[in-house]
2 protein chains.
Amino acid sequence: MEQPSRLAGTVRPGGRTARVRAAVLEATQDILVEHGFHGLTMDQVAARAGVGKTTVYRRWGSTPGLVADLMKELANQSSPHADTGDVERDLLANAVSVWEAVTDGRLGATLQAVIAAGTCDEEAADALRAFFTRRIDEWVTVVDLAVKRGELPEGTDGGELVRAISAPLYYRLVVTREPVTRRDAERSVSRGLAAARAGAFVPDP
Amino acid sequence: MEQPSRLAGTVRPGGRTARVRAAVLEATQDILVEHGFHGLTMDQVAARAGVGKTTVYRRWGSTPGLVADLMKELANQSSPHADTGDVERDLLANAVSVWEAVTDGRLGATLQAVIAAGTCDEEAADALRAFFTRRIDEWVTVVDLAVKRGELPEGTDGGELVRAISAPLYYRLVVTREPVTRRDAERSVSRGLAAARAGAFVPDP
DNA sequence: CCATTAACGGGATAAGTGTCCCGTTAGCCG
DNA sequence: CGGCTAACGGGACACTTATCCCGTTAATGG
């Protein structure tokens with residue numbers, strides 16, 4: 001018995017293998033958008049991608065495996081962050097990009113599906129954690145620069161501030177499932193900044 | 001063809017019907033804790049509850065239906081909220097209860113599963129929304145009283161503040177999937193309060 | 001351009017899941 | 001306490017999904 005998935009596709013990654021992966025991941029995302037993670041099956045992915053069922057099982061093993069790989073793919077399409085020299089504007093750009101992501105039908109549904117997959121599969125959970133910690137780290141520099149410029153108190157924890165700003169948006173998306181508006185993004189920024197200016201993001205001694 | 005689920009159990013809700021519901025919901029929760037929403041099947045629920053498979057299909061229809069009913073049941077076990085006359089203490093009690101919920105193996109896993117179910121089923125999503133809006137509303141009075149006492153600015157939006165405080169905890173639980181600590185709960189409260197004292201939770205004119 | 005073999009695809013098979021029929025059990029009401 | 005029937009339970013059936021075998025295709029390297 002060979003290793004089911006990790007090996008396949010690594011020795012000859014060119015041409016066909018790459019095309020198959022692209023087709024499968026796109027089909028995966030399509031189905032996630034239409035039916036959510038619960039409605040994702042290996043069978044349908046194979047059929048929709050125009051690919052042999054065996055191939056999907058061999059390379060990805062299970063639906064959480066598909067979702068995890070899709071998440072890794074999305075992680076590589078990271079959008080560059082703004083840096084205007086004004087924290088409020090920069091963090092607003094961050095919040096708005098989160099808002100756009102969760103509001104966009106395709107990306108929002110995908111995010112929800114990946115989050116659902118993360119609740120029952122360790123591999124998907126790892127991919128999720130990796131994706132978000134990376135996204136957060138990209139914006140931390142904005143906060144650090146603001147601290148240097150004196151806009152925020154010395155020692156302000158950028159990672160925590162960035163998290164605090166996006167948390168309410170995701171909270172509405174997946175937990176309370178209320179509609180998320182652009183104003184929510186704006187409010188989240190002003191609240192995070194208000195707390196940050198008051199020193200609430202400076203760790204205790 | 002009769003109505004599949006809404007009717008059954010409403011005419012003779014006593015005795016057996018109630019016992020079956022309790023057994024099924026408990027089995028549902030057990031399986032959610034062990035395998036997550038993705039591993040929940042009608043078959044296993046019936047077997048574990050010691051109940052006919054047909055009964056589960058007739059009364060609940062689908063796995064999201066089970067989850068939605070479980071959520072309604074949990075919504076009725078609402079814990080009373082504190083009111084010590086000190087906002088910080090009260091909101092800390094709220095945050096700690098959220099922390100305990102998401103940290104507790106059984107309740108935390110159940111919450112994650114219900115959230116996963118909400119991503120692909122409208123009924124589960126409704127149950128989720130109902131559960132959380134109710135929980136939030138229970139704590140809004142604490143904020144309102146604090147405003148009356150002058151601890152917080154006039155016009156502070158209690159619902160938003162309560163949401164802002166629990167959001168980072170759920171965000172860590174289901175989105176970034178980082179460990180959630182009691183200190184996270186404490187920080188969340190102090191940050192929310194810092195923003196609230198600065199007037200960031202007072203709606204613009 | 002050819003040989004090698006990684007990777008794919010079709011189809012058969014097995015396992016699991018959802019649906020239905022109909023006989024049995026036990027709430028509810030007079 | 002006895003009849004009516006809501007609700008349950010077992011088991012057969014159909015469908016979907018997962019796994020496996022083996023022949024075919026096409027990347028890779030010389």
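Chain naming here is simple, since letters A, B, ... match the order of the sequence lines and numbering starts at 1 in each.
- Remark on the helix from C/dC1-D/dG30 to C/dG30-D/dC1: inter-end axis angle 50°, axes from five-pair C1' superpositions, rounded to 10°.
- For the pair B/Ile115 and A/Thr119, the minimum side-chain heavy-atom distance is 4.5 Å or more.
- Residues from residues 33-44 of chain A lying near DNA chain D, meaning a heavy-atom separation below 4.0 Å, are A/Thr41, A/Met42, A/Asp43, A/Gln44 in numerical order.
- Look at B/Arg59 and you'll find a side-chain N or O under 4.0 angstrom from OP1 or OP2 of D/dC8.
- Across the protein-nucleic acid pair, B/Arg58 atom CZ and D/dG11 atom P stand 16 Å apart, rounded to whole Å.
- Separation of atoms CD (B/Gln29) and CZ (B/Arg48) is listed at 11.0 Å; rounding is to 0.5 Å.
- Note on B/Arg19: only backbone sugar-phosphate atoms sit closer than 4.0 angstrom, heavy atoms only; bases stay farther off.
- For the residue pair A/Asp184/A/Thr181, the side-chain donor-acceptor check at 3.5 Å is satisfied.
- Using a 4.5 Å cut-off on side-chain heavy atoms (C-beta onward), B/Arg59 and B/Val20 make contact.
- Contact annotation for B/Thr54: base contact, defined as any heavy-atom pair under 4.0 Å involving a base atom.
- Between atom NZ of residue A/Lys53 and atom OG1 of residue A/Thr41 there is a gap of 10.0 Å, rounded to the nearest 0.5 Å.
- Note: CZ (A/Arg16) to P (C/dA6) measures 13 Å, nearest angstrom.
- A/Ala27 and A/Val45 make their closest contact through CB-O, 3.9 Å (heavy atoms, listed as atom of the first residue, atom of the second, distance).
- Ring-plane geometry between A/His38 and B/Phe37 is classed as tilted, the angle between the planes lying from 30 to 60 degrees on a 0 to 90 degree scale.
- When each of D/dT17, C/dC8, D/dC8 is scored by its nearest atom to the side-chain atoms of A/Thr55, the top-ranked nucleotide is C/dC8.
- Aromatic ring pairs are classed by plane angle as parallel below 30°, tilted from 30° to 60° and perpendicular above 60°; the pair A/Tyr171 and B/Tyr170 is tilted.
- Both A/Lys53 and B/Lys53 lie close to DNA chain D; mapped to their nearest nucleotides by heavy-atom distance, the more 5′-ward contact belongs to B/Lys53.
- Checked against D/dA18, C/dG9, D/dA7, the side chain of A/Tyr57 finds its nearest nucleotide in D/dA18.
- Rounded to whole Å, atom C1' of D/dA18 lies 17 Å from atom CH2 of A/Trp60.
- Between the CG atom in A/Asp144 and the OG1 atom in A/Thr156 there is a gap of 9.0 Å [rounded to 0.5 Å].
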